[in-house]
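What follows is a single structure, written as structure tokens, with notes after it.
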Amino acid sequence: MTNLGDLEVFARVIAAGSMSTAARDLGLSPAVVSKRIKRLEDRLGTRLLQRTTRQISLTEAGQGFHERVLAVLAGLEEAEAYASGRSSEVAGTLKISAPTSFGRLHIAPNLKPFMEAHPDLTIHLVLSDEFTDIVGGGFDLAIRIAELTDSTLVARRLAPVRRILCASPDYIAAHGTPQSIDDLKHHRCLPAHNYDAWKLEGPQGSLSIRPDGMLITNSSEVIREAVIAGLGIALRSTWDIGPELKSGKLVQVLPAYEGSRSVSLSAVYPSRQFLPAKVRLFIDYLAELYGPEPYWER
């Protein structure tokens, strides 16, 4: 039978991204960590990692093995919490991936009550506008705003996401108000940084348009600032521009059309039979915080 400690070393190496960093985290020498990974590979009869002088990566066999190792370790953690009767007392590190703007506006300001309730838990929050490899990056969960299609992950819906077409009053004063979807062809539009089509729902049902943009950026926050500054029309989530709508800095245009309702705010995590208590508690906290009628819509 494989040594359980070797599995923990393997999982830590993947989470850390290097053997030297994992060794430092574990209080071991890099030589010992390398030896234990080799012992694991020898026992399994297959290579789990591709090694170069600068980085490591999982082989195809290593990828599948890593997913199952995480499930085993998570199950042990959950079993220990259950047996000790401490299912609401959690410790260690909770590694979370979230979109940049949403994390800054709606996760970071709300961490204090959760962290005060669980003082032995460390939060590692990574913000990025790109979809993160949850398993490969060693994340416990990711917060995503999207139409979810990855069947290898488990998702829990946290809140609906409403997206509207909007512009600043200055832009409308200078360029007029579009009266129809076709009018957008004659307006300055600010598509998302990844140039995804605008998927809308309107009186005639669903439609998809790909507006031309005059601003190229890899930042969703830059698009937000650009629409507030009056550079054009954008499709933005109400969680992102709620205060600006209330203050009048932005106004909704073409109110008969909104973003696809299949987009939602979800917590996504690797498929596991036993969900670690720290993950379950944080997801429950966010679900109660946001809910079916999130506070930014009130």
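Being a predicted model, the structure only gives us computed values, none of them experimental. Atoms considered below: every heavy atom in the structure, side chains included; atoms not considered: hydrogens, waters and symmetry mates.
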Check: Lys95 side chain, Leu125 main-chain N or O, donor-acceptor pair, under 3.5 Å
no

Side-chain touch His118/Leu281, heavy atoms, less than 4.5 angstrom:
yes

Heavy-atom side-chain proximity of Trp296 to Asp240 below 4.5 angstrom:
no

Please examine the side chains of Ser260 and Glu147, heavy atoms only from C-beta on, and report whether any two atoms are closer than 4.5 Å.
yes

His106 side chain to Tyr290 side chain, donor-acceptor N/O pair below 3.5 angstrom:
no

I'd like to check Arg144 versus Ile134 (side-chain heavy atoms, cut-off strictly below 4.5 Å). Are they in contact?
yes

Ring centroid separation for Tyr269 and Phe139, is it under 6.0 angstrom?
no

Is the closest side-chain heavy-atom distance between Lys278 and Asp140 below 4.5 Å?
yes

State whether the side chain of Tyr285 and the backbone N or O of Leu111 hold a donor-acceptor pair below 3.5 Å, judged by distance alone.
no

Just checking Arg36: does its CZ atom have more than 12 heavy atoms from other residues, nucleotides or ligands closer to it than 6.0 angstrom?
yes

Atom CZ of Arg68 with >12 non-hydrogen neighbours under 6.0 angstrom:
no

How are the rings of Tyr171 and His187 set to each other: parallel, tilted or perpendicular (split at 30° and 60°)?
tilted

Is the closest basic N to carboxylate O distance between Glu244 and Arg224 below 4.0 Å?
yes

Are side-chain N/O atoms of Ser219 and Thr217 paired as donor and acceptor at under 3.5 Å?
no

Do the side chain of Ser34 and the main chain of Pro30 share a donor and acceptor less than 3.5 angstrom apart?
no

Straight-line distance of Ser18 OG to Arg24 CZ, nearest 0.5 Å:
7.0 Å

Gap between atom OH of Tyr257 and atom CD of Gln252 - 0.5 Å precision
13.0 Å

Nearest 0.5 Å, please: how far is SG in Cys166 from CG in Leu254?
11.5 Å

Do Glu258 and Glu201 have side chains that approach each other closer than 4.5 Å (heavy atoms only, starting at C-beta)?
no

So, Glu221 versus Thr100: side-chain donor-acceptor pair below 3.5 Å or not?
no

Pair Lys38 + Asp6, salt bridge at N-O below 4.0 Å
no

Asp183 side chain vs Ser180 backbone, donor-acceptor pair below 3.5 Å
yes

Could you check if a side-chain atom of Ile14 sits within less than 4.5 angstrom of a side-chain atom of Leu70, using non-hydrogen atoms only?
no

Any sub-3.5 Å donor-acceptor pair from Thr59's side-chain atoms to Arg47's backbone N or O?
yes

May I ask you to decide if Thr177's main-chain N or O and Gln179's side chain share a donor-acceptor pair within less than 3.5 Å?
yes

With a 4.5 Å cut-off on side-chain heavy atoms, are Leu26 and Val9 touching?
yes

Short side-chain to backbone donor-acceptor contact, Ser237 and Trp239, under 3.5 Å
no

Closer than 3.5 angstrom, by distance alone: can the side chain of Ser266 be matched with the main-chain N or O of Val268 as a donor-acceptor pair?
no

